[in-house]
Asker: 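The structure under discussion is supplied below as C-alpha cells; questions concerning it will follow.
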Amino acid sequence: MINMKIVTWNVNSVRVRLPLIEQLIAEENPDVILLQETKCMNEFFPKDFFESHNYHLAIHGQKTYNGVAIISKYPIENVKWDLDDSTEARYIEGFTNGHYVVSAYVPCGNKSDEAYKYKQEFLGSIASRWKGEESAIIGGDFNVAMSDDDMQTPAKWIGSVLCTDEVRNGMQKVFDAEFDDCHEISDGKNDFTWWDYRRPNEGLRIDYILSKNVSGKLKTLQHYRKMERPSDHVPVMFEI
DNA sequence: ATGGTAGCTGCGCTA
C-alpha cells in the first residue's frame, strides 16, 4: 500500500514552471513536493497557487539564483534552513506527516575553486546533519553522477566537476550516513534526470531521493522532458 | 569544434 508520494524536482524557476507543476499535481497528486532552483524571493513565491491545491509551504528563497521549498499536503513543522552559514538558499528541512524531509540543491561547483570547495563542504554538512538521525528522506539536485551508468555519454564528462573522484567521495559520505539510493536500473542506462539545454543527448542522473529506514519505490518521470517549456531536470518520485 | 539554451536581470551571471 502506498501511504505517501514524494517528488523532488529542480524546476529552474518556480514561476515559469507553474503550468508543468500544475500538471504534476493533476497526474500524480503528490503528498510532498521538494523544489530546487525556485529562483525567487519568498515574497514573490506563488503561495496562492499551492494553497489553492491544499498544500502547506516551507520556503527558503533568494533573488535570481538557488531557492528551495517543501510543499506538503500536511503541516510542516521544525523547519530549518541553516545547514551552514552560507547566504545561498540551497537547503531546507522539515517534519511532515511523520517524516523528516529535505530539499537540497548542492552547488554545481564549476564557477570557481571556491564553489568547488563549497560543494564538498555542503555534501559533508548534509552527511553530518543526518548521521545520527534514525530516519529521513532527502530529495535534491546533488550535481554528482556517481558512476558511468549514470551518464549517457561518459567519455564526454571526463574531468567534469559533476563526476570527479572528489565529489563522488563527498556524495559517498552522504550514503555513509546510512542513506540508501532508492534507484534501480530497470533496462539499462535510461534513467537520467538532467540534460544541459544545449546538449540534449548527454543526460546524467544527478537528482536523487535518498532515504534511511523508509522503504519505497523510485520512478523518474521522463515525460516531463518532452513537454512545452521543460525544466532541464525531470521530476523524480518516491512512493512509500 | 569550445559553439549551443534558459532564466533572471538589466547589456552579465549561473547552470
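Atom set for the values below is all heavy atoms of this structure, side chains included, hydrogens, waters and symmetry mates excluded. Fair warning: this is a prediction, and the values are worked out from it, not measured in the lab. Protein chains get the first letters and strands the later ones, always in sequence-line order, with residue 1 at the start of each.
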Asker: Mind checking the C1' distance from dG10(B) to dT2(B)? Whole angstroms is fine.
Answerer: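 Those two atoms are separated by 27 Å.
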Asker: Expressed as a whole number of Å, how far does the P atom of dC11(B) sit from that of dA1(B)?
Answerer: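 dC11(B) and dA1(B) have their P atoms separated by 35 Å.
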Asker: One thing to verify: whether Glu178(A) and Lys131(A) come together as a salt bridge, which I'm taking to mean a side-chain N less than 4.0 angstrom from a carboxylate O.
Answerer: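 So Lys131(A) does not pair with Glu178(A) through a salt bridge.
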Asker: Base, sugar-phosphate, or nothing: which does Arg199(A) touch, judged by heavy atoms less than 4.0 Å apart?
Answerer: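 Base contact.
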Asker: For Val14(A) and for Asp232(A), find the nucleotide of DNA chain B with the closest heavy atom, then tell me which residue's nucleotide is more 5'.
Answerer: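 Result of the comparison: Val14(A).
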Asker: Provide the closest heavy-atom pair for Glu134(A) versus Lys212(A) in the form atom of the first, atom of the second, distance.
Answerer: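 The pair with the smallest heavy-atom distance is O-CD, 3.5 Å.
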Asker: Just checking Tyr105(A): base, sugar-phosphate only, or nothing, at a heavy-atom cut-off of under 4.0 Å?
Answerer: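 Sugar-phosphate only.
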Asker: Can you pull the contact range of chain A along DNA chain B, 5' to 3', using atoms under 4.0 angstrom from its heavy atoms?
Answerer: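 Using the under 4.0 Å cut-off, the span is dG3(B) to dA15(B).
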Asker: Strictly below 4.0 Å, N to O, side chains only: are Glu239(A) and Lys217(A) in salt-bridge contact?
Answerer: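 No, this pair does not count.
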Asker: Among residues at least two apart in sequence or on other chains, which ones pass side chain to side chain donor-acceptor pair (under 3.5 Å) with Thr38(A)?
Answerer: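 Residues passing side chain to side chain donor-acceptor pair (under 3.5 Å) with Thr38(A): none at all.
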Asker: Give Arg17(A) one of three labels, base, sugar-phosphate or nothing, depending on what nucleic acid heavy atoms sit under 4.0 Å from its own.
Answerer: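 The answer is sugar-phosphate, as Arg17(A) gets under 4.0 Å only of primed atoms, P, OP1 or OP2.
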Asker: May I have all residue pairs that pass salt bridge (Lys or Arg N to Asp or Glu O under 4.0 Å) and include part of residues 63-77 of chain A, sequence neighbours excluded?
Answerer: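 Passing the test, one end in residues 63-77 of chain A: no pairs.
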Asker: Roughly how many Å apart are dA15(B) and dT9(B), using the P atom of each and rounding to a whole number?
Answerer: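 Each nucleotide's P atom is 15 Å from the other's.
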Asker: Specify the residue among Arg15(A) and His233(A) whose closest nucleotide of DNA chain B lies further upstream toward the 5′ end.
Answerer: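 That would be Arg15(A).
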Asker: In plain terms, say whether Asp196(A) and Arg198(A) are close enough for a salt bridge, that is, a side-chain N and a carboxylate O under 4.0 Å apart.
Answerer: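 Salt bridge: yes.
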